[in-house]
Amino acid sequence: MNNLKTYQGEELGIDCIDMQTVKLAGLLHDIGHGPFSHLFEHEFLPRVDPGSTWSHENMSALLLDSIVDKHAIDIEDDYLKMVKEMIIASSKSATMKSAKDKHFLYDIVANGRNGIDVDKFDYIDRDCRACGLGSNFQYWRLMEGMRVMGDEICYPAKDYLSIHKLFSTRADLHRTVYTHAKVKAVELMLVDALIEANDYLGISWHANDPEDFWKLDDTIIKSIETAPNNELKKAKEIIQRIRRRELYKFCNQYSVPKDKLEHFKNITSQDIVCSQKSSGVLLKEEDVVVSNVKIDLTRGKDNPLESIKFFKDFGCDEKFPITDDRVSHLLPAYNEDRIVRVYAKKPELVEAVSEAFENLQLRMYGEKTQVHDTPKKKRMRSL
């Protein structure tokens with residue numbers, strides 16, 4: 001906002017209200033996250049409430065209303081509405097903008113138009129540093145070069161590869177950090193623990209009321225651990241297993257073949273169990289956990305850069321899209337990966353689950369699509 005005001009403030013009519021509105025949206029856009037952030041929204045709630053349309057963006061807006069009402073904060077309704085719309089701008093339920101002009105303001109905090117926003121600038125830089133990963137993405141270059149044209153933030157054509165680095169670095173973080181096999185093992189166990197505790201603690205009910213929702217945070221795990229109730233026994237046992245590092249055992253994974261991606265349906269525990277052939281161990285659905293991981297450049301199989309507008313230089317008033325083939329033939333031809341991972345809840349079931357997983361691949365694709373076999377040591381540990 002400072003950059004835009006400095007270079008185009010008079011032309012765009014940027015005032016102190018615009019500055020304050022975007023600041024508020026930036027500060028408040030994630031207050032609607034539940035315990036363990038995306039796990040609560042994408043893993044827990046769909047299990048206890050299939051078909052749920054709940055989103056942390058919408059909850060952020062509800063909480064904002066609740067805070068304003070409860071503390072009698074003096075803010076005009078129009079400005080409050082703009083803040084909320086900026087927060088939900090990238091969600092599926094995004095509504096029409098309040099403002100008849102300055103639509104570019106809605107692309108800064110959460111950009112539903114093409115995915116370039118300061119939210120990504122923040123967490124990509126922070127997470128790379130926190131995890132000891134190198135990052136070549138330099139967000140300040142984009143902010144220095146950007147320009148509003150036709151009510152849309154556009155970028156110099158020479159920064160095309162820098163923008164691609166933003167999305168590819170995000171995808172790398174998902175692959176190596178956010179969806180790491182061990183990370184997912186812990187997440188799957190946390191979800192199971194929350195589900196076991198849900199009926200007694202009413203966790204999912206709190207998600208419907210901002211007055212109750214703000215009380216939910218990561219400390220719910222400690223609440224489960226220290227509760228004296230027998231009703232939470234199963235949930236406690238799962239959390240204690242996490243504490244002891246007795247995680248669900250990762251058996252193997254495969255990437256869905258490119259030609260099968262379009263019609264791919266998530267693999268389930270039932271699919272694995274039904275693929276078991278004669279074995280000394282009879283698997284049950286509750287013995288197996290499947291994690292279907294989707295990694296993309298923010299727009300599924302589509303390239304997000306096709307939604308971005310560029311300009312040649314600052315003396316040019318024309319904005320235009322750029323196709324990959326005009327820049328580099330080294331960029332990926334496909335922009336989405338789907339990885340299927342399977343886990344055994346008990347160590348002694350690793351061999352049976354691994355074999356059933358291989359049988360499933362043979363049945364679906366006519367070959368084992370995993371990169372390597374389950375190590376013999378891991379299989380032998382189960383004997």
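Side chains included, hydrogens not; waters and symmetry mates left out as well; all remaining heavy atoms used.
- Checking Lys368, Glu367, Gln370 one by one against Gln361, the side chain to side chain donor-acceptor pair (under 3.5 Å) holds for a single residue, Gln370.
- We find the CZ-CD1 distance between Phe167 and Ile124 to be 8.5 Å, quoted to the nearest 0.5 Å.
- Nearest approach of Glu336 to Leu261, heavy atoms of both residues: O-CD1, 3.8 Å.
- In this structure, a donor-acceptor pair under 3.5 Å is present between the side chains of Ser204 and Asn198.
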Checklist entry - What's the verdict on side chain to side chain contact (heavy atoms under 4.5 Å, CB included) for Met364 and Tyr254, showing C-alpha distance, side-chain angles and the deciding distance? => result CA-CA 12 Å; Met364 291 180 66; Tyr254 74 84; 4.3 Å; yes
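- When the side chains of ILVMFWY residues are joined at heavy-atom separations under 4.5 Å, either directly or via intervening members, Ile295 and Val342 end up in two distinct hydrophobic clusters.
- Here the shortest heavy-atom pairing between Leu283 and Val273 reads O-CG1, 3.5 Å.
- Using a 4.5 Å cut-off on side-chain heavy atoms (C-beta onward), Lys234 and Asp192 make no contact.
- When atom types are taken as modelled, the side chain of Asn111 and the backbone of Asn114 share a donor-acceptor pair closer than 3.5 angstrom.
- The backbone N or O of Asp15 sits less than 3.5 Å from a side-chain atom of Asp18, completing a donor-acceptor pair.
- The two residues Cys154 and Lys319 come nearest to each other via the heavy atoms SG-CD, 3.9 Å.
- Taking the side chain to side chain contact (heavy atoms under 4.5 Å, CB included) definition, one finds that Ser291 meets it with Lys184, Leu188, Val293, Arg341, Tyr343, sequence neighbours left out.
- For Asp218, the side chain to side chain contact (heavy atoms under 4.5 Å, CB included) partners at least two apart in sequence or on another chain are Pro35, Phe36.
- The number of heavy-atom neighbours closer than 6.0 Å to CZ of Arg245, taken from other residues, nucleotides and ligands shown, is 12 or below.
- Taking NZ from Lys165 and CG from Asp159, the interatomic distance works out to 14.0 Å, rounded to the nearest 0.5 Å.
- Counting only distance, with no hydrogens or angles, the side chain of Asn292 and the backbone of Ile267 share a donor-acceptor pair below 3.5 Å.
- Proximity of a side-chain donor or acceptor of Ser269 to a complementary backbone N or O of Val288 within less than 3.5 Å is detected.
- Here the side chain of Glu43 pairs no donor or acceptor atom with the backbone of Glu187 at under 3.5 angstrom.
- One finds a salt bridge joining Lys84 and Asp65 here, because a Lys/Arg side-chain nitrogen approaches an Asp/Glu carboxylate oxygen to under 4.0 Å.
- Residue Met86 comes nearest to Ala110 through the heavy atom pair O-CB, 3.8 Å, listed as atom of the first residue, atom of the second, then distance.
- The closest donor-acceptor contact from the side chain of Asp287 to the backbone of Lys346 lies at 3.5 Å or more, if one exists at all.
- With values rounded to the nearest 0.5 angstrom, Asp127 atom CG is found 13.0 Å from Asp172 atom CG.
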Name the atoms and distances for all side-chain donor-acceptor pairs under 3.5 Å in residues 66-77, with sequence neighbours left out.
from  : atom 1 : to     : atom 2 : distance (Å)
Ser66 : OG     : Glu211 : OE2    : 2.7

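- Contact record, His206 with Asp212: ND1-CB, 3.3 Å, taken as the closest heavy-atom pair.
- Residues Phe320 and Leu142 are members of one and the same hydrophobic cluster, defined by side-chain heavy-atom contacts under 4.5 angstrom among Ile, Leu, Val, Met, Phe, Trp and Tyr.
- For the atom pair CD (Glu237) and CZ (Arg244), the distance works out to 8.5 Å, reported to the nearest 0.5 Å.
- Proximity of a side-chain donor or acceptor of Asp271 to a complementary backbone N or O of Thr268 within less than 3.5 Å is detected.
- Nearest heavy atom pair, residue Ser60 against residue Gly32, reads OG-N, 2.8 Å.
- Looking only at distances, a side-chain donor or acceptor of Arg170 sits under 3.5 Å from a matching main-chain atom of Asp296.
- Annotation: the span from Ile87 atom CD1 to Leu28 atom CG amounts to 5.5 Å, rounded to 0.5 Å.
- Under a hydrophobic clustering in which Ile, Leu, Val, Met, Phe, Trp and Tyr are joined whenever their side-chain heavy atoms come within less than 4.5 Å, directly or via other members, Met149 and Ile308 fall into different clusters.
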Item to check | Stepwise side-chain hydrogen bond (donor to acceptor under 3.5 Å, both in side chains) test for Ser275 and Arg363 | outcome: CA-CA 8 Å; Ser275 299; Arg363 179 165 59 84; 3.1 Å; yes
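- Counting heavy atoms from C-beta on, the side chains of Lys260 and Arg338 never come closer than 4.5 Å.
- Judged purely by atom type and a 3.5 angstrom limit, Thr21 has no side-chain atom pairing as donor or acceptor with the backbone of Tyr79.
- By the rule that hydrophobic residues join a cluster once side-chain heavy atoms approach within less than 4.5 Å of another member, Ile322 and Leu166 end up as members of one cluster.
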Item to check | Evaluation steps, side chain to side chain contact (heavy atoms under 4.5 Å, CB included), between Ile221 and Arg243 | outcome: CA-CA 11 Å; Ile221 295 301; Arg243 300 286 192 203; 4.2 Å; yes
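- Counted by atom type alone, Asn229 and Tyr200 present one or more donor-acceptor pairs between their side chains at under 3.5 Å.
- Annotation for Glu286: atom CD counts as buried by contact number, over 12 foreign heavy atoms lying within 6.0 Å.
- The hydrophobic cluster containing Leu12 also contains Ile153, counting ILVMFWY residues as joined when their side-chain heavy atoms lie under 4.5 angstrom apart, directly or transitively.
- If you take NE2 on His42 and CZ on Arg47, they are separated by 15.5 Å, rounding to the nearest 0.5 Å.
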Item to check | Derivation and outcome, side chain to side chain contact (heavy atoms under 4.5 Å, CB included), residues Glu351 and Thr374 | outcome: CA-CA 8 Å; Glu351 173 133 14; Thr374 306; over 6 Å; no
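- The pair Asp117-Lys120 meets the salt-bridge criterion, with a side-chain N (NZ, NE, NH1 or NH2) lying under 4.0 Å from an Asp/Glu carboxylate O.
- By the neighbour-count criterion of 12 heavy atoms within 6.0 Å, atom CD of Gln270 is sparsely surrounded, having that number or fewer from other residues, nucleotides or ligands.
- Taking 4.5 Å as the limit, some side-chain heavy atom of Cys128 sits within range of a side-chain heavy atom of Leu173.
- A search for side chain to side chain contact (heavy atoms under 4.5 Å, CB included) contacts involving Val118 returns Ile108, Phe121, not counting sequence neighbours.
- Looking only at side-chain heavy atoms (C-beta outward), Ile14 and Met19 come within less than 4.5 Å of each other.
- Within the 4.5 Å cutoff, no side-chain heavy atoms of Ser354 are placed close to those of Asn252.
- The closest donor-acceptor contact from the side chain of Glu231 to the backbone of Asp199 lies at 3.5 Å or more, if one exists at all.
- Glu196 places none of its side-chain heavy atoms less than 4.5 Å from the side chain of Leu232.
- Sequence neighbours left out, the pairs with a member in residues 1-34 that pass ring pair (Phe, Tyr, Trp, His ring centres under 6.0 Å) are His33-His38, His33-His56.
- Taking the six-membered ring wherever Trp is involved, the centroid distance between the rings of Phe44 and Trp54 does not fall below 6.0 Å.
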Checklist entry - Would Asp30 and Tyr123 satisfy side chain to side chain contact (heavy atoms under 4.5 Å, CB included), going step by step from the backbone distance to the final call? => result CA-CA 12 Å; Asp30 268 346; Tyr123 76 71; over 6 Å; no
Quick one: side chains of residues 310-318, donor-acceptor pairs under 3.5 Å with protein atoms, not counting sequence neighbours, listed by atom name and distance.
from   : atom 1 : to     : atom 2 : distance (Å)
Asp313 : OD1    : Gly315 : N      : 2.9
Asp313 : OD1    : Cys316 : N      : 3.2
Asp317 : OD1    : Arg147 : NH2    : 3.1

